[in-house]
Amino acid sequence: MKTALSVNLNKIALIRNSREGNYPDVVEHGKVCLAAGADGLTVHPRPDQRHIRPHDVYDLAELLKDNQEAEFNIEGNPFAEKIGDFPGFIQLVLDTKPEQCTLVPDSNDQLTSDHGFDLKKSGESLKPVLDQLKSTGVRVSLFMDPDLEQIELAKKLGADRIELYTGPYAEAFKRKDASFDQLFQRYYAAAEYAAKIGIGLNAGHDLNLENLAHFRKVPALLEVSIGHALTVDAIAMGLDKAVRAYKQLCSA
Ligand code: PXP
């Protein structure tokens with residue numbers, strides 16, 4: 001089974017924001033990713049606008065609007081409210097209606113996403129958000145750790161998919177000791193369980209050209225979203241070649 005590759009454009013925006021002006025242009029780089037075979041584009045807008053800014057979300061939605069082959073995935077903290085010219089995370093999603101919205105439990109000042117939802121704690125507050133997004137036709141995915149009990153709660157809440165947080169997998173992959181096999185088994189079991197209860201499976205964070213092929217051994221992996229390593233590889237290889245290299249691993 002092929003796994004869709006959604007390229008996360010945050011780091012292109014981060015470089016742009018380090019200077020005045022629109023260089024590099026996020027939309028143009030999005031086009032290069034699509035031309036190289038990416039199945040979708042991902043952004044993670046945050047209230048501090050450190051990388052993706054609200055206009056990027058609107059511009060990319062426009063780019064992908066008539067594209068039947070590529071999906072738009074907006075990920076982020078559903079409780080990030082309007083601050084200054086940041087319209088609020090949910091408002092951005094409602095305005096642009098991406099194919100998929102991945103809800104992530106991160107706080108406004110967090111460096112990057114580093115854990116999945118604890119739905120025993122936040123399930124109740126997430127339910128109305130999830131229902132609202134689903135009623136507008138947006139597919140909803142929840143960022144989760146490989147924990148079967150939590151995955152069952154995600155299903156009960158009505159999520160269409162989960163995105164497994166692969167940061168710990170990537171860290172353990174570097175060591176490849178006995179604990180790596182144990183940890184990978186947890187991801188494998190989580191993927192099997194997701195398939196069994198009928199919830200779709202995505203994965204992301206710290207995936208790269210070394211660790212992706214092994215992670216794809218988990219069953220029924222529908223999509224990976226990859227930004228940081230792909231952007232670093234693009235510095236050496238060029239963006240087109242980097243996307244093609246990841247795409248090849250997703251299709252093998
Ligand atoms: N998934 C989520 C929820 C994320 O926050 C990120 C980082 O923006 C990614 C996937 C992609 O991670 P990376 O940039 O390490 O590939």
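Keep in mind that the numbers below use all heavy atoms, side chains included, and drop hydrogens, waters and symmetry copies. Every number for a ligand or one of its atoms is a count from 1 in the order of the listing.
Among residues at least two apart or in separate chains, side-chain hydrogen bond (donor to acceptor under 3.5 Å, both in side chains) pairs with a member in residues 242-252 are Asp39-Lys247, Asp233-Tyr246, Asp240-Arg244.
A salt bridge does not link Lys196 with Glu192: none of the charged nitrogens is closer than 4.0 Å to a carboxylate oxygen. Residues Asp85 and Arg53 are not paired through a salt bridge, judged by the lack of any N-O separation under 4.0 Å between the basic side chain and the carboxylate. Residues Asp177 and Arg175 are paired through a salt bridge, judged by an N-O separation under 4.0 Å between the basic side chain and the carboxylate.
Protein neighbours of ligand 1 below 4.0 Å, counting non-hydrogen atoms: Asn8, Asn10, His44, Glu75, Val104, Ser113, Phe143, Glu163, Gly204, His205, Asp206, Ser225, Ile226, Gly227, His228.
Side chain to side chain, Gln91 and Glu81 fail the donor-acceptor criterion of an N or O pair below 3.5 Å.
Taking the centre and axis of the six-membered ring of Phe86, the NZ or CZ atom of Lys82 falls outside the cone set by 45° and 6.0 Å.
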